[in-house]
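Numbers restart at 1 for each chain; the letters A, B, ... are given by sequence-line order, proteins then strands.
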Number of protein chains: 2
Amino acid sequence: MKPTRQTRNDLLKVARRHFAERGYQGTSLADVAAELGVSKQALLHHFKSKPLLYRACLDLLNQDLLHLLFTAMDGTEDADLQLERCLVALTEYYLEDGSAPALVMGVLTDAPGQVVLSAAPPLPLQDFLEPLVALVQATPRWQGGGFAEALAVAIELLGAICLLSAARKNLSVRFGVSAVEQGRRLAVEHARDLVRVRLGG
Amino acid sequence: MKPTRQTRNDLLKVARRHFAERGYQGTSLADVAAELGVSKQALLHHFKSKPLLYRACLDLLNQDLLHLLFTAMDGTEDADLQLERCLVALTEYYLEDGSAPALVMGVLTDAPGQVVLSAAPPLPLQDFLEPLVALVQATPRWQGGGFAEALAVAIELLGAICLLSAARKNLSVRFGVSAVEQGRRLAVEHARDLVRVRLGG
DNA sequence: ATTAATACTTACCAATTGGTAAGTTTTATG
DNA sequence: CATAAAACTTACCAATTGGTAAGTATTAAT
């Protein structure tokens with residue numbers, strides 16, 4: 001009758017939320033374990049160390065993003081449309097999984113020599129970032145600009161889409177829950193507009 | 001002949017960089033002090049606690065951003081132009097002060113009940129955010145949409161501008177220094193384009 | 001020169017961190 | 001049922017964390 005046997009995925013889900021809400025350094029294994037009703041060492045049993053637990057969360061995220069990207073690219077050869085679909089899908093993903101945007105931003109702003117980059121290749125989210133940049137570069141608007149410009153544009157779009165969702169709770173305190181939630185309801189539409197306008201100019 | 005007397009501003013400059021590069025939780029007072037060649041307690045003498053040191057850094061940042069905002073608003077009544085100037089100036093500021101973008105994103109993604117929001121009002125950067133949102137709302141393109149939409153757009157623009165600079169080192173490892181630096185050289189131009197295109201549609 | 005305040009330092013400390021060691025229960029398998 | 005592996009737990013631990021206490025230089029004002 002004991003609850004026993006937490007599946008590895010349950011652990012990951014909670015850990016992921018902690019990493020997203022408090023950052024890597026701010027997340028304590030004891031806290032995560034406590035919320036799960038497990039001992040800290042249960043975590044360390046499944047994932048050998050804190051960095052590896054983090055990495056496991058990021059690999060799951062990477063998987064989601066990759067699936068999302070390839071789905072968006074499916075059924076058309078039009079790079080503009082592919083990119084639009086991708087960023088719309090990404091926005092929807094952020095809306096339903098609140099921890100994703102913070103994780104993405106965390107991975108990107110994590111400096112070398114810190115947590116993420118010290119891990120074994122491939123770098124987290126690299127499988128997602130590379131095709132995304134390639135997608136921007138395949139676009140009529142940006143294919144003349146070279147890799148560096150495509151990278152800059154891809155990161156710009158990513159940042160534009162991420163921040164509102166990542167800052168959700170914070171902004172709710174600042175400007176009220178209703179304003180933020182109302183704004184978030186426009187997120188998909190805004191993302192679509194943004195991409196179009198950024199590819200049209 | 002002793003070096004003696006570090007000015008308070010030197011301490012802040014180093015602390016600020018640490019907070020930006022490693023986040024609040026990842027920053028240790030001992031590390032900051034060590035880099036300054038001072039004892040940890042020298043820091044605690046000037047700023048009473050770690051949260052207050054952080055707050056002091058943010059207040060300085062807030063000051064810079066406010067100055068930047070009001071300068072951008074000076075000399076014209078055209079909201080579009082004001083906003084464009086503001087975000088261009090912000091981009092330039094990010095280019096010259098590498099720690100600023102990470103701090104801004106850190107402040108925004110810091111959840112309530114964590115570090116920043118537990119401090120005394122006003123919330124950090126609030127003095128900057130409010131007029132910025134108001135500026136978006138004053139714009140012909142967005143003045144019909146209400147506060148929530150203006151907030152969403154303001155955060156979108158902020159995110160679009162921040163991330164490339166905040167992720168600089170990380171992206172350099174991923175895609176090479178030259179690509180990132182080349183992309184950053186386009187940052188101001190991109191920011192200007194982005195604002196125009198986002199106000200034009 | 002005396003005084004008072006500021007700017008420190010050394011010495012501690014309790015709490016928390018990630019992690020190890022060793023043992024116990026549970027589960028699946030033959 | 002036997003057995004081995006997986007899923008834990010309790011008990012520790014060294015290191016680091018932010019912070020306090022108390023004393024010492026240094027500086028500036030009287």
Taking only residues two or more places apart in sequence or in another chain, which ones pass side chain to side chain donor-acceptor pair (under 3.5 Å) with Glu35(B)? Arg17(B), His18(B)
Just to confirm, is there a sub-4.0 Å distance from OP1 or OP2 of dC8(C) to any side-chain nitrogen or oxygen of His45(B)? no
Listing time: all N or O pairs from protein to nucleotides 18-22 of chain D that are below 3.5 Å?
from	atom 1	to	atom 2	distance (Å)
dG18(D)	OP1	Thr27(B)	O	3.0
dG18(D)	OP1	Lys50(B)	NZ	2.9
dG18(D)	OP2	Leu29(B)	N	3.1
dG18(D)	N7	Lys40(B)	NZ	3.0
dG18(D)	O6	Lys40(B)	NZ	3.4
dG19(D)	OP2	Lys50(B)	N	2.8
dG19(D)	O6	Lys40(B)	NZ	2.9
dG19(D)	O6	Gln41(B)	NE2	3.1
dT20(D)	O4	Gln41(B)	NE2	3.3

Give the rounded distance in Å between these two atoms: CG of Leu11(B) and C1' of dC8(C). 11 Å
Any pair counted as side chain to side chain donor-acceptor pair (under 3.5 Å), so long as it reaches residues 143-154 of chain A, sequence neighbours left out: Glu149(A)-His190(B)
Residues 85-96 of chain A vs side chain to side chain donor-acceptor pair (under 3.5 Å), sequence neighbours excluded, gives Arg16(A)-Tyr93(A), Asp64(A)-Tyr93(A)
With Gln41(A), which residues qualify under side chain to side chain donor-acceptor pair (under 3.5 Å), at least two apart? none
Specify the separation, in whole Å, of atom CG of Asp31(B) and atom P of dA15(D). 16 Å
What's the CG-P distance between Leu36(B) and dC8(C), to the nearest Å? 10 Å
Listing, residues 67-77 of chain A side-chain donor-acceptor contacts under 3.5 Å, not counting sequence neighbours, or none:
from	atom 1	to	atom 2	distance (Å)
Thr71(A)	OG1	His67(A)	O	2.7
Thr76(A)	OG1	Asp78(A)	N	3.1

What do you reckon, are the aromatic ring centroids of Phe47(A) and Tyr54(A) less than 6.0 Å apart? no
Look at the side-chain N and O atoms of His46(B) and state whether any lies under 4.0 Å from the OP1 or OP2 oxygen of dC8(C). yes
